[in-house]
Amino acid sequence: MHLPHPRDPRAGVSVARFWQSRPAGPFLKPSRRARPMRPGPVVTRIAPSPTGDPHIGTVFMALFNLAFARRHGGKFILRIEDTDQGRSTRESEEAIFAALRWAGIPWDEGPDKGGPHGPYRQSERLPIYEKHVQRLVDSGKAYPCFCDAARLKALREEQLANKQDPRYDGHCRHLDRSDTMHRVATGEPHVIRLVVPDEGECVVPDRLRGEIRIAWSTVDHQILRKTDGFPTYHLANVVDDHLMGVTHVIRGEEWISSLPKHVLLYEGFGWECPEFIHMPLLRNPDKSKLSKRKNPTSVTWYREAGYLPEAVLNYLGMMGYTLPDGREMFTLDEFIESFEIDRVVLGGPVFDLAKLNWLNGRYLRESLTPAQILERLHGWRLNDDLLLRALPLTQKRLTTLADFVPMTAFLLRGALDYNTAELAGSDGPRTARWLRIALWQMEQLRPFTATSVRALFEDMVEREGANLRELLAPFFLAVTGAKVSLPLFDSCELLGADLTRRRLHEGLERLAAAGHELKGKTLKALEEDYRRRYVETR
RNA sequence: GCCGCGUUCGUCUAGUGGUUAGGACGCUGGCCUCUCACGCCGGUAACACGGGUUCGAAUCCCGUACGCGGUACCA
């Protein structure tokens, strides 16, 4: 079905085209009853950005995209959005693949397995974006902009001071065209910006939310191509979704405010919009967007901490959703089989480890035989590989073989059991600061090895003006659960980054409970201090 | 600040005008039992608030409050 250029007859108001004609009268809240499907094959996608650790939210979104596609006999694509050259890494990309595989999420097309619409890595599609950005410039829907950061900053501050929305003022849009072209041709640094209407509003249907309306005046002249020649998310995302035949964009609600930009791009290219479905965001216990500061977010942590992938996936399947028959324990296939996107609820679900624990326990005692659990233990950490790596550290300390188990138990344990007063030591606030700083440092530490951990602490010794023995004391306790243990740096390596970090985090929580909480002004001051003394002189 | 999206037990949720507002986690009392755990039985606890519409609103409409998200040459 070909649709004409989507522009509403009402002046200045553009409406994203939906596949069906819109109902007469006011748009009613969508019903939870299944809505009719768009004809033709369904294609969904997950488009993670390979920066940092693989996020549990990525698995959450992947699950719903996969279920929707499969339920309707369609395809599910994995696309890597590595348009941020500064932050994207191959290592992180690999970690995303591994995380999805661990979780049991299969994809039909992706960078690792190809497909008819490849490549599936945005950094390899630059010529495609280039061509499309040119199309927009040629048709006057985008324009080069030469403004530097200083001007933009000043502009933003002035607008904020006048209580206006920060928004590019169109300065470069009104430059003389031939002059502009000349400056571009001579290689002057510039970005390409999207032309956005000044008046009217953008109205877009969302499958779960009804019509979303946003005034154009609040939408910025989005940069489509950065100075480095790379596209921004907005451009690459729209171009790829169209070219890859994506019919349903199922993503987090954090994207709602950039919806108008995307709609404008689809219109600019003369393409039909996909159906938009904005899911609620996973939340911390305090309701803020799930973040590693407050909750474990790395998929690898859940694996290392001994969660079963099927339990994690099952748990994610009940975030914002219940099966039509209310079952709480289900396989991926069962989830897919009965999946109805219209049953998704919009309130942001708090990710509750206690309930995940209960579910994980049920899997362990109800769905696996002892022999199968043994296999899982081997696949987890209780295997020759770990024992063999621990042996060089324990060998000289052994009197009988039986000493080995208590000596290495901390490598396999969940929560540690130690005295918080001992952790705090004589200077609780100082201990808290040290743990906090080490944790920040470790978040950046790559690779995570005994050597790099040693370097981290030696660096800290210098900057904190403490001696190593004194500095390390609380870390022995926090990481191994004992004041006397195997060498700390090697222990950290054996434990791995996720588990080590989590233990420091737990140490911090214990200190907080004991009255040494870092919060508010103290925390802010520490952050600033940390930035000054560690980050800027790195 | 501005814009947007939300709001049923502490948490995950059922509920689509008429229900004693149901289930699950957690917490808690009991049973089972060599301990613990599991399991079983019971308890605790919610429609944010105010106006409408209606014979009747958790359910529909409007406002308020609160929460969250966005406001980048990050995604």
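Reminder, nothing fancy here: chain letters follow the sequence lines and each chain counts from 1.
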Exercise for the section: Please tell me which of the listed nucleotides, rC25(B), rG23(B), rG69(B), lies nearest to the side chain of D352(A)? Expected result: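 The answer is rC25(B), which lies nearest to the side chain.
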
Inset, instruction - Please tell me which of the listed nucleotides, rU13(B), rC12(B), rG69(B), lies nearest to the side chain of K355(A)? - result: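 Of the options given, the side chain of K355(A) lies nearest rC12(B).
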
Taking the same atom, [atom1], in [N] and in [M], what whole-Å distance lies between them?
N	M	atom1	result
rG43(B)	rU53(B)	C1'	40 Å
rC36(B)	rA48(B)	P	42 Å
rG69(B)	rC74(B)	C1'	15 Å
rC25(B)	rU20(B)	P	25 Å
rG23(B)	rA46(B)	C1'	14 Å
rA75(B)	rG70(B)	P	14 Å
rA14(B)	rG6(B)	P	15 Å
rU8(B)	rU16(B)	C1'	14 Å

Using OP1 and OP2 only, check whether a side-chain N or O of [X] sits under 4.0 Å from [N].
X	N	answer
R365(A)	rG39(B)	yes
R156(A)	rA72(B)	yes
S257(A)	rG4(B)	no
K226(A)	rC74(B)	yes
T83(A)	rA75(B)	yes

Note to self: Ring of Y363(A), cation from R376(A) - is the NZ or CZ under 6.0 Å from the centre and inside 45° of the axis?
What the structure shows: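 Negative - R376(A) is either too far from the ring of Y363(A) or too far off its axis.
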
Is there a Watson-Crick or G-U wobble partner for [N] with both distances under 3.5 Å, and if so, which one is it?
N	value
rU20(B)	none
rU64(B)	rA48(B)
rU71(B)	rG1(B)
rA58(B)	none
rG42(B)	rU28(B)

| task | Name the residue closer to the 5' end of RNA chain B, choosing between Y233(A) and K261(A) according to the nucleotide with the nearest heavy atom. | result |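 Going by which nucleotide is closer to the 5' end, it is K261(A).
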
Review point. For RNA chain B, whose closest nucleotide is more 5', that of H234(A) or that of L356(A)?
Key: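 The residue whose closest nucleotide sits nearer the 5' end is L356(A).
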
Q. Can you list the residues that meet the salt bridge (Lys or Arg N to Asp or Glu O under 4.0 Å) rule with R71(A), with sequence neighbours excluded?
A.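 Salt bridge (Lys or Arg N to Asp or Glu O under 4.0 Å) list for R71(A), sorted by chain: empty.
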
Students often get this wrong, so: under 4.0 angstrom with heavy atoms, is [X] touching a base, only sugar-phosphate, or nothing?
X	value
P166(A)	base
G348(A)	sugar-phosphate
R283(A)	sugar-phosphate
V191(A)	base
C147(A)	base
T227(A)	base

May I ask you to check whether H505(A) and R293(A) show a side-chain donor-acceptor distance below 3.5 Å?
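There is no such pair (donor and acceptor under 3.5 Å, judged by atom type) between the side chains of H505(A) and R293(A).
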
Does one side chain, of Q122(A) or Y233(A), offer a donor that lies under 3.5 Å from an acceptor on the other?
->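 Their side chains do not contain a donor-acceptor pair, so the 3.5 Å distance test is not met.
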
What's the [atom1]-[atom2] distance between [X] and [N], to the nearest Å?
X	N	atom1	atom2	value
F351(A)	rC25(B)	CZ	C1'	13 Å
R45(A)	rA75(B)	CZ	C1'	11 Å
L282(A)	rG6(B)	CG	P	18 Å
M279(A)	rC68(B)	CE	P	20 Å
R343(A)	rU13(B)	CZ	P	12 Å
L346(A)	rG69(B)	CG	C1'	13 Å
I212(A)	rG70(B)	CD1	C1'	12 Å
Y168(A)	rU71(B)	OH	C1'	18 Å

Listed in order of residue number, which residues of residues 286-295 of chain A have a non-hydrogen atom at under 4.0 Å from RNA chain B?
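Result for residues 286-295 of chain A: K287(A), S288(A), K289(A), sorted by number.
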
### Task
Would you indicate whether E528(A), at its atom CD, is surrounded by more than 12 heavy atoms from other residues, nucleotides or ligands within a distance under 6.0 Å?
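Incorrect, the count does not exceed 12.
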
Step through it carefully: locate the ring centre of Y307(A), locate the ring centre of Y315(A), and say whether they are under 6.0 Å apart.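 Ring-ring flag for Y307(A)/Y315(A): false, centres at least 6.0 Å apart.
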
| task | Classify the ring geometry between H234(A) and H262(A) as parallel (under 30°), tilted (30 to 60°) or perpendicular (over 60°). | result |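 The arrangement is tilted - the two ring planes meet at 30° to 60°.
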
Q) Do the rings of H190(A) and F146(A) sit parallel, tilted or perpendicular, given the 30° and 60° boundaries? A)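 The rings of H190(A) and F146(A) sit tilted, inter-plane angle from 30° to 60°.
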
- With distance as the sole test, does D325(A) use its side chain to make a donor-acceptor pair with the main-chain N or O of R327(A) at under 3.5 Å?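 Such a contact is found between D325(A) side chain and R327(A) backbone.
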
To the nearest 0.5 Å, what is the distance between OG (S367(A)) and CD1 (I373(A))?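 Between S367(A) OG and I373(A) CD1, I get 8.0 Å after rounding to 0.5 Å.
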
